[in-house]
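Below is one structure, written out as C-alpha cells, with a few remarks after it.
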Amino acid sequence: MTTANAYDWLDRGLSAIHKAQWHRQETTFDGAPGATIAQDGRQFLNFASNDYLGLAADPRVRQAAIEAIDRYGAGSTGSRLLSGHRPIHRQLEEALAGLKQTEDAIVFSSGYLANIGVLSAIVGSRDLVLGDRDNHSCLRLGVAASGAHLMSYDRSDPIELACLLDAHRNSYRRVTIATDSVFSMDGDLCPLPQILDLADRYGCMVLIDEAHATGVLGDRGAGCVEHFGCGDRELIQMGTLSKALGSLGGYVAGSAKLVDFLRNRAPSWIYTTALSPADAGAALAAVEIVRSEPERRQQLRDNVTYLQARLTEIADDAPDTFSLLPSNSPIFCLEVKDTATVLRYGEALFDRGIFASAVRPPTVPTSRLRLTVMATHTRSQLDRLATALTERVAL
Ligand SMILES: *Cc1c(COP(=O)(O)O)cnc(C)c1O
C-alpha cells in the first residue's frame with residue numbers, strides 16, 4: 001500500500017493562498033526603528049509602525065533595557081509564580097496601574113497572551129461574549145480558548161448590541177462585551193460610553209483592548225477610557241507594551257480582586273515564562289516618559305490633524321480611487337477597489353521610498369492602504385507621503 005506524503009496538503013494550501021492573492025511574507029528592515037527605516041542602505045519613510053511616540057529607539061528606553069539585563073540577566077528563567085518574578089515586574093505593574101488609575105495591573109508576555117489569558121479566566125462554556133465584528137484576532141481566539149459562546153455585533157449599528165443583549169442576556173450565566181478601543185485596521189474608536197451604559201443595564205462585564213490607545217489617547221495618555229472620561233466606571237482594561245510603549249508585553253488593568261483572580265486563573269500568565277527583564281525595564285522607562293512628556297502626545301496629535309486634512313483632500317479629489325475611512329487616532333486607512341490595486345499602490349509607494357501597509361482580505365473585509373503617524377514624523381515627511389499619493393492618482 002502506498003500512502004501519500006502526510007504533508008502534501010501544504011503545497012495545495014499554499015497554492016490556494018497564492019491564487020487568492022493572500023500570500024504574505026516579511027520585509028526586512030535593518031537598524032533602529034523610527035520615522036525612517038533602512039533596507040540595504042536605502043532609507044524609507046515609515047508609515048507602518050505602531051511606535052506612535054517614537055520610544056522604541058529612545059536612548060532612555062534602550063538604556064533602561066540594558067540596565068535591567070545587567071542587573072537581572074537576559075532571561076527571567078521561569079514563570080512568575082515560580083522563579084521568574086523580579087522587582088522590576090512589580091514596579092512595572094504599579095506604574096501601569098498609576099497610568100491607568102486602576103487599583104492594580106498585571107503584565108503578560110504579550111498583548112496577544114493577555115487577551116487569551118483574561119478571557120479564558122473570566123468566561124467559560126456557560127457564558128456569552130459579545131464582540132465587535134472588527135475585534136483583533138486575539139480577542140476572538142481568547143473567546144475560543146475560553147469555551148464561551150461568541151456573538152458579533154457591528155458598532156456602526158446603534159441598536160444591534162442592545163438587541164442581542166435583550167434577546168440573549170438571560171440565557172447565559174456571565175456576559176462580557178469585548179471590544180478594541182481603537183480599531184487597529186480602521187482607526188475609529190468604539191462607542192465606549194454607550195457600551196458601558198448597556199453593560200450596566202444588562203449586568204455585563206466590559207473588556208476593552210487599549211492596544212493602540214495606550215500612551216496615545218487621553219490627556220495623560222491612559223487611553224480611550226480616559227479620552228471618554230470613563231475612568232470611574234468598573235471595567236477590564238487590557239493593553240500592550242509593544243506599541244506606543246516601544247517594548248514588548250501586554251497588561252490587564254482593573255480592580256485588585258480582578259488582578260488577584262487573573263494571577264490564579266489566567267493560563268497564559270501562569271504557565272509561561274515571565275516577561276524578560278529587558279522588556280520590563282524598557283516598558284517601565286516608556287511609561288515614565290508617557291507621564292512626564294505630554295508634549296510628545298501633542299506633537300502626535302498635531303501630525304494626526306495635519307495628515308487627516310491632507311488625506312481628506314486627496315480622497316475628495318479622487319473619489320473613484322480612494323475612500324478615507326473615519327478615524328480618531330493615528331491610524332488612517334485609504335480604502336481602494338481591490339486586492340490587486342492595493343498591492344500595486346503599496347509597491348508604487350515603496351518605489352518612492354515610502355513604506356505603508358497594503359492590508360487586504362482575509363485580515364480585513366476590504367483592501368486598504370493603512371498609514372500610521374508617529375510623533376516624530378516631520379511636516380515635510382508627511383508632505384512627501386501626500387505628494388506620492390496624489391501622484392499615484394494621476395498615473
Ligand atoms: C497589536 C494588538 C494586540 C496584540 O498585542 P501584542 O503585544 O503585539 O501581542 C492586541 N490587540 C490589538 C487591538 C492589537 O492591535
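All ligand and atom numbering here is 1-based and tracks the order in the structure.
The atoms of ligand 1 that sit less than 4.0 Å from any heavy atom of Tyr112 are 4 (C), 5 (O), 6 (P), 9 (O). Ligand-side atoms of ligand 1 in range of Gly249: 7 (O), range being under 4.0 angstrom from any heavy atom. Using a 4.0 Å cut-off to heavy atoms of Thr240, the atoms of ligand 1 that qualify are 5 (O), 6 (P), 7 (O). Set against the non-hydrogen atoms of Asp180, the atoms of ligand 1 under 4.0 Å away are 13 (C). Near Cys138, meaning under 4.0 Å from one of its heavy atoms, ligand 1 places the atoms 10 (C), 11 (N). In the vicinity of Ala211, heavy-atom distances shorter than 4.0 Å reach the ligand 1 atoms 2 (C), 11 (N), 12 (C), 13 (C), 14 (C), 15 (O). Here is the list of ligand 1 atoms found below 4.0 Å of a heavy atom in Asp209: 10 (C), 11 (N), 12 (C), 13 (C). In the vicinity of Ser184, heavy-atom distances shorter than 4.0 Å reach the ligand 1 atoms 15 (O).
In the hydrophobic clustering of ILVMFWY residues, with side-chain heavy atoms under 4.5 Å counting as a link, Tyr112 and Leu275 come out apart. When the side chains of ILVMFWY residues are joined at heavy-atom separations under 4.5 Å, either directly or via intervening members, Ile106 and Val225 end up in two distinct hydrophobic clusters. Under the 4.5 Å side-chain heavy-atom criterion for grouping Ile, Leu, Val, Met, Phe, Trp and Tyr, Val342 is connected to Leu389 within one hydrophobic cluster. Linking Ile, Leu, Val, Met, Phe, Trp and Tyr residues whenever their side-chain heavy atoms come within less than 4.5 Å leaves Leu96 and Phe108 in two separate clusters.
Using a 4.0 Å cut-off between charged nitrogen and carboxylate oxygen, Arg60 and Glu288 do not count as a salt-bridge pair. Between Asp260 and Arg263, at least one side-chain nitrogen of the basic residue sits less than 4.0 Å from a carboxylate oxygen of the acidic one, meeting the salt-bridge criterion.
Considering both main-chain and side-chain atoms, His212 comes within under 3.5 Å of ligand 1 through a nitrogen or oxygen pair.
Side-chain atoms of Tyr251 and Thr214 include a donor-acceptor pair closer than 3.5 Å.
In this structure a side-chain-to-backbone donor-acceptor pair under 3.5 Å is present from Thr240 to Gly249.
Of all protein heavy atoms, the one lying nearest to atom 6 (P) of ligand 1 is Gly111 N, 3.4 Å. Protein heavy atom at the shortest distance from atom 2 (C) of ligand 1 is Lys243 NZ, 2.4 Å.
The option with the heavy atom closest to atom 8 (O) of ligand 1, from among Ala213, Ser110, Ser137, Ser242, is Ser242.
Evaluated for a side-chain hydrogen bond (donor to acceptor under 3.5 Å, both in side chains) with Glu93, the options Gln91, His89, Arg90 yield exactly one hit, Arg90.
Put simply, no part of Ala114 is less than 4.0 Å from ligand 1, judged by heavy atoms.
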